[in-house]
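Heads up, the thing below is written out as structure tokens.
Numbers for residues simply follow the sequence, beginning at 1.
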Amino acid sequence: MLEKSPTTTDLGQAAQSAPLIAIASVIVSMALIAIGNGLMFAYIPVRLGVDGFDPTWAGLIVTGLSAGGLAGCILTGPLVRRVGHARAFMVLSALIALSNAAIGAGPMPLLWIAARALYGFAICGIFIVAQSWLNDAVPNAIRGRIMAVFYVAYVAGLGVGYATLATVDILTAAVPLIGITFTALSILPVGMTRLAQPPPPQAASVALGLAWKISPVGVVGMLAVGGLSMSISGFAPIHATAKGYSQADVALLLSAMPIGTLILQVPLGWISDRTDRRYVLAGAAALAVVASVLAIGFDGGALAILAVIYLIWDGASESIYSLSSAHAADRAGKDELLALSSSLLFAWSLSGFVVPGIVTALSAVFGTETFIYVGIFIASAFCLFVLWRVFAARPAPAIATGSFAPMSAQAPLPVELAFAPDDDEPRRSND
């Protein structure tokens with residue numbers, strides 16, 4: 001009996017379905033990594049607090065993580081050019097597993113600083129690999145939706161990881177083992193993917209002068225959100241532990257924060273697509289200021305109220321990241337996108353390294369609540385800067401404004417394979 005030959009329609013449907021499955025493999029891998037990462041983020045300060053270590057050690061660990069992330073932003077490109085996207089992803093995943101294994105050796109702060117620096121290097125690199133891979137594989141027509149799913153999947157995974165802390169005995173090595181397990185699982189979808197690898201990425205040069213010329217608000221926004229994001233995500237569990245909240249309380253507080261990221265970005269992005277994004281950026285910064293002031297007022301109070309406050313604070317701060325990225329892209333020409341994205345990534349990474357170091361030093365003198373006051377200063381300064389730019393420069397023409405896509409400051413910008421809009425003309429408008 002003769003086999004039925006596949007029709008042209010069958011082949012076309014297979015060609016369309018296979019890439020979607022392959023694309024999903026990268027997204028699933030990142031969601032699995034996020035679960036382990038969220039759990040480890042919550043575990044480290046709580047475990048150090050239970051064992052009686054000074055909160056300064058936890059702050060130094062956050063600073064070490066940020067330093068590793070800065071190195072990852074610089075060195076990931078050469079790694080991908082040498083071994084390709086898939087192998088780079090698996091190598092970096094292995095480094096995260098090694099970092100978690102070192103944490104599992106027990107509370108040794110110096111070792112943990114080195115381990116989290118290794119984690120920072122690896123997670124920053126993985127984001128660059130995953131996002132640039134997706135950017136190359138996804139057509140323009142659905143890129144925004146695919147990247148939105150990517151960010152939502154990662155943020156949701158972080159929330160699951162945070163919440164998991166409440167169910168685990170932190171006095172054992174269970175948490176690092178769970179982190180290693182999810183990291184190992186994340187390698188499987190990528191290792192089995194049929195998604196074609198992109199060509200070797202271009203070398204992305206940092207050109208802060210050019211980025212400033214294109215979009216001062218975009219550059220300052222990345223500087224602001226780099227410090228805000230690392231301060232809130234890194235020091236909130238440290239402060240909550242120092243204030244005497246239980247392991248379950250810290251898990252609940254942290255798991256509420258990603259919800260704010262998911263809830264606030266969509267309406268703010270929708271509004272920003274229909275007006276000058278700078279108004280929305282100023283509003284997000286003002287909301288972050290209000291939330292951080294409330295965080296001081298209710299500090300140490302009812303957990304439910306504090307969780308809502310941190311939800312709003314984190315969501316407003318994370319929105320600055322996506323809004324600043326979209327605002328800068330509105331003003332860049334096709335040939336400027338690669339340098340712009342690499343420069344914005346560098347600004348974000350640099351601030352994410354410097355600000356936690358400052359917070360750690362000040363916390364040793366003024367207490368663990370210092371990060372809240374630093375957050376108020378950063379958000380207030382950024383809000384005033386944006387308002388000044390609104391009066392000092394005209395907005396981008398409506399025709400030049402792109403479409404907003406949700407993003408998270410926990411996910412570095414896709415710098416290595418920056419995609420270009422369909423038009424070839426520069427869109428700078430001297431914001």
Side-chain angles (χ1 to χ4, degrees), residues 41-67 69-70 107 109-110 112-113 116-117 120 220 223-247 249-250 253-254 256-257 285-303 305-314 316-318 320 348 350-385 409:
F41 249 112
Y43 165 74
I44 289 174
V46 174
R47 179 62 193 271
L48 290 177
V50 167
D51 287 350
F53 286 94
D54 189 278
T56 302
W57 282 110
L60 290 172
I61 290 171
V62 174
T63 305
L65 186 157
S66 303
L70 183 60
L110 291 177
W112 283 18
I113 291 173
R116 293 303 277 175
V220 177
L223 289 171
V225 77
L228 274 175
S229 176
M230 288 306 302
S231 295
I232 298 171
S233 63
F235 289 89
I238 296 173
H239 179 59
T241 301
K243 294 292 288 188
Y245 287 100
S246 69
Q247 175 184 335
D249 291 343
V250 174
L253 183 65
L254 290 178
M257 289 161 58
L287 183 59
V289 172
V290 171
S292 52
V293 170
L294 291 174
I296 293 175
F298 289 90
D299 194 24
L303 181 66
I305 297 176
L306 204 60
V308 173
I309 291 171
Y310 274 75
L311 180 153
I312 297 171
W313 187 18
D314 189 66
S317 300
E318 293 280 327
I320 293 173
W348 171 82
L350 182 63
S351 178
F353 166 60
V354 171
V355 173
I358 294 173
V359 172
T360 299
L362 293 177
S363 295
V365 179
F366 300 106
T368 56
E369 65 274 14
T370 298
F371 82 102
I372 305 178
Y373 293 96
V374 171
I376 292 174
F377 174 80
I378 293 174
S380 299
F382 178 62
C383 182
L384 292 174
F385 177 80

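- When only modelled atom types and interatomic distance are considered, S246 and D249 share a side-chain donor-acceptor pair under 3.5 Å.
- A224 and I378 make their closest contact through O-CG2, 3.6 Å (heavy atoms, listed as atom of the first residue, atom of the second, distance).
- Considering only heavy atoms from C-beta on, V225 comes within 4.5 Å of W348 through its side chain.
- L253 approaches A307 most closely through the heavy-atom pair CD1-CA, 3.7 Å.
- Looking at every heavy atom in both residues, F235 comes nearest to P356 through CZ-O, 3.7 Å.
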task = Show your reasoning for whether side chain to side chain contact (heavy atoms under 4.5 Å, CB included) applies to M230 and L65.
result = CA-CA 10 Å; M230 288 306 302; L65 186 157; 3.8 Å; yes

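- Residues A379 and A288 approach most closely at CB-CB, 4.1 Å, considering heavy atoms.
- Counting heavy atoms from C-beta on, the side chains of I376 and I296 come closer than 4.5 Å.
- Minimum interatomic distance between A240 and V250 (heavy atoms only, all atoms of both residues): CB-CG2, 4.0 Å.
- Within the 4.5 Å cutoff, the side chain of R116 has heavy atoms near those of the I44 side chain.
- Counting heavy atoms of neighbouring residues, nucleotides and ligands inside a 6.0 Å radius, atom OH of Y373 does not exceed 12 of them.
- Because its NZ or CZ atom is not both nearer than 6.0 Å to the ring centre of F53 and within 45° of the ring axis, R47 does not count as a cation-pi partner of that residue.
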task = Decide yes or no on side chain to side chain contact (heavy atoms under 4.5 Å, CB included) for D299 and K243, but give the supporting numbers first.
result = CA-CA 9 Å; D299 194 24; K243 294 292 288 188; 3.8 Å; yes

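- Residues P109 and L60 are not in side-chain contact: their nearest non-hydrogen atoms beyond the backbone lie 4.5 Å or more apart.
- Evaluated for a side-chain contact (heavy atoms from CB on, under 4.5 Å) with P45, the options L254, I238, I61 yield exactly one hit, I238.
- For the pair V359 and S231, the tightest heavy-atom approach, listed with the atom from each and the gap, is CG2-OG, 3.9 Å.
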key: Test ring-ring contact (aromatic ring centres under 6.0 Å, His included) applied to F371 and W313, step by step   = CA-CA 13 Å; F371 82 102; W313 187 18; 5.7 Å; yes

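- L362 CG to T368 OG1: the interatomic distance, rounded to the nearest 0.5 Å, is 12.5 Å.
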request  = Report the C-alpha separation of T370 and I358 in whole Å, then their side-chain angles, then the decisive distance to 0.1 Å, and conclude whether the side chain to side chain contact (heavy atoms under 4.5 Å, CB included) test is met.
outcome  = CA-CA 10 Å; T370 298; I358 294 173; over 6 Å; no

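- V289 places none of its side-chain heavy atoms less than 4.5 Å from the side chain of F382.
- Between D54 atom CG and S363 atom OG the span is 10.0 Å, to the nearest 0.5 Å.
- Using cut-offs of 30° and 60° on the angle between ring planes, the pair Y43 and W112 is tilted.
- Rounded to the nearest 0.5 angstrom, S292 OG and Y310 OH are separated by 9.5 Å.
- Two residues are said to be in side-chain contact when any heavy atoms from C-beta on lie closer than 4.5 Å; I309 and F298 meet this criterion.
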task = Decide yes or no on side chain to side chain contact (heavy atoms under 4.5 Å, CB included) for L287 and I312, but give the supporting numbers first.
result = CA-CA 8 Å; L287 183 59; I312 297 171; 3.8 Å; yes

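- Here the side chains of L48 and T241 are not in contact, with every heavy-atom distance at 4.5 Å or above.
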